[in-house]
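Naming: A, B, ... by sequence-line order, numbering from 1 per chain.
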There are 2 protein chains.
Amino acid sequence: MSEVVSPNLAVSTVIFRLRPGADGTSELALPLVRRIRAPYEGRWALPGGPLTAHEDLAQAASRTLLATTSLQPRYLEQLYAFGQLDRSPDERVVSIVYWALVASDEAERTIENDNVRWFVADELPELAFDHKLIVEYALWRLRTKLEYSQIAHGFLGETFTLAQLREVYEAVLQKPLDPGNFRRTMEGSGAVVATGERLSGTRHRPPQLYKYDTSVNPADQGPLSHLTAPCTLVPANPSTTSFRTTTHASASGVSA
Amino acid sequence: MSEVVSPNLAVSTVIFRLRPGADGTSELALPLVRRIRAPYEGRWALPGGPLTAHEDLAQAASRTLLATTSLQPRYLEQLYAFGQLDRSPDERVVSIVYWALVASDEAERTIENDNVRWFVADELPELAFDHKLIVEYALWRLRTKLEYSQIAHGFLGETFTLAQLREVYEAVLQKPLDPGNFRRTMEGSGAVVATGERLSGTRHRPPQLYKYDTSVNPADQGPLSHLTAPCTLVPANPSTTSFRTTTHASASGVSA
DNA sequence: GCAAAAGTGTTGTTTCTACACCCATGT
DNA sequence: ACATGGGTGTAGAAACAACACTTTTGC
């Protein structure tokens, strides 16, 4: 109803994590917060809030994220600005939406309650505003970008096995991948490098641990890489997986 | 200096056209407008203006575009929202930037004067604000997207020869393409369809005229295709090239 | 030994690339 | 006839996909 010249500006974020699913594989999940005022009171919505005068857009995304869900993402990128006239029933609101990835261990720290909850990405309740459309777009971007960039490690800890990495791809793309070809592709891209350590405690041959080669930053970000993806390099917490790591460098390592 | 909670919201557009270059090939050009007030008075800047309360983001882009350069683009898509704190010296301004393509004949209608001028894309003057960065990003997007989508016809008229289409690719990607392979790729993608007409008046074998198959809309837009690219389908004006078209359907046509 | 996943090798298919060559028109 | 780009054919290279097979651990 307001006749202000400059519409209200808000920032929201679609956050993704992977969590163990029912059938042994991982499934995509995202956190929603329940609205506590009109419009759409009681409905689930994306975490977000108004942009304040002295913060960046990405800063605003991080801040509202932390405030509503207490999450700190490992990857954060702008998704799209939504400004349809009718997206909010009363006032005119333009939302600049970000999307983010968090590692599983970080996601565990969420305090879930009546107003904050993780939902499986393709079993969402009715959402407020146009948030359903926004989530669909974010999902499309995630799936598309996974195939030509190195964002997958946003879901993982500092080190990981190629099987874990493959599981990320399989969960997001929703299709099985050939382990042999996957290994070759990953090692061939140079984006991933063996640490020399191995993971023991599995009931089979201990797999090698890998980490991302941060020096390799292929041209998939564009001239805005320094602007859009400052959070890509946020170091992960030490892995809190239930496996132990041993350090007997094997002969078959790629680069020691 | 303003302490408003909601920053000012502006919309700008990076518009591209192709025009005949010095060496016989085409070159990318974009229109800039001269600023007539502080800050950056006298500097060249992207066309744009404030978002008003009763218009869409894309509408605002179209409106300001028409007002400042009297251009109507054939393709319009959101590029990015720029919101750095220091991008304007005095007030806080968040700019939602679009990028657009116009056909050559449409571009001819620009009324160039002291305050509106086309510049070759990689020979720009000093620009106001962060517009240099914005143009670089738009250029990157154009070049990237050209390779996996069907936006090239945004530069062309309703019908065109494959040589004209190839010229678009060569000018934007700045590298020569093999005519034979280009033809096969284009025909194989199904995005382009022969009209049956041919272009006469050249001093060699008359090439076939093609048009875009509008029914083919591959999944390169995402769930927002209906939202982001409403201008993609704007029909072009009848071709005003200096060639004549004849209509003798030849036997070697692909589909009549 | 057996199961199970790690890791390597191989083969056939598809796609890409370079380039040769014929075709149809204007001059 | 000849120059010029339109249009087609094709052989080699590279990338991809499917799947067999060997290795190393826990049990």
Residue whose closest nucleotide on DNA chain D lies nearer the 5' end, R203(A) versus H204(B):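 It is H204(B) whose nearest nucleotide is closer to the 5' end.
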Take the protein atom [atom1] of [X] and the nucleotide atom [atom2] of [N], then report the distance between them rounded to whole Å.
{"X": "R183(B)", "N": "dG5(D)", "atom1": "CZ", "atom2": "C1'", "result": "11 Å"}
{"X": "F182(A)", "N": "dT8(C)", "atom1": "CZ", "atom2": "P", "result": "15 Å"}
{"X": "E170(B)", "N": "dG5(D)", "atom1": "CD", "atom2": "P", "result": "12 Å"}
{"X": "L209(A)", "N": "dA6(C)", "atom1": "CG", "atom2": "P", "result": "12 Å"}
{"X": "E187(B)", "N": "dG6(D)", "atom1": "CD", "atom2": "C1'", "result": "11 Å"}
{"X": "L165(B)", "N": "dG6(D)", "atom1": "CG", "atom2": "P", "result": "12 Å"}
{"X": "L177(A)", "N": "dA17(D)", "atom1": "CG", "atom2": "P", "result": "10 Å"}
{"X": "Q208(B)", "N": "dA24(C)", "atom1": "CD", "atom2": "P", "result": "13 Å"}

Backbone of E197(B) reached by a side-chain donor or acceptor of Q208(B) within 3.5 Å: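 Checked: no pair found.
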Under 3.5 Å: donor-acceptor pair, side chain of S12(B), backbone of V97(B):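 No; zero donor-acceptor contacts below 3.5 Å.
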Heavy-atom check, side chain of R183(B) versus side chain of D178(B), under 4.5 Å: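 Counting from C-beta outward, R183(B) and D178(B) never come under 4.5 Å.
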Heavy-atom side-chain contact between D122(A) and E136(A) under 4.5 Å: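 Not in contact.
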Short side-chain N/O contact from R166(B) to OP1 or OP2 of dG6(D), under 4.0 Å: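 For dG6(D), OP1 or OP2 has a side-chain N or O of R166(B) closer than 4.0 Å.
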Any R198(B) side-chain N or O less than 4.0 Å from OP1/OP2 of dG7(D):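 Answer yes for this pair, as a side-chain N or O of R198(B) is under 4.0 Å from OP1 or OP2.
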Which nucleotide in dA6(C), dT25(D), dG6(D) has an atom nearest any side-chain atom of P206(A):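 Looking only at heavy atoms from C-beta outward on P206(A), the closest nucleotide is dT25(D).
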D23(B): partners by side-chain hydrogen bond (donor to acceptor under 3.5 Å, both in side chains), with sequence neighbours left out: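 Here the qualifying residues are T25(B).
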Side chain to side chain contact (heavy atoms under 4.5 Å, CB included) against L66(B), all qualifying residues, sequence neighbours excluded: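 Once residues adjacent in sequence are excluded, the partners of L66(B) under the side chain to side chain contact (heavy atoms under 4.5 Å, CB included) criterion are Q72(B).
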Show me the protein contacts with nucleotides 19-21 of chain D, counting only N or O atoms at under 3.5 Å.
residue: dC19(D); atom: N4; partner: D178(A); partner atom: OD1; Å: 3.4

Any donor-acceptor N/O pair under 3.5 Å between dC23(C) base and R205(B) side chain: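 Yes, a donor-acceptor pair under 3.5 Å.
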salt_bridge(E106(B), R74(B)) N-O dist < 4.0 Å: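 Salt bridge: no.
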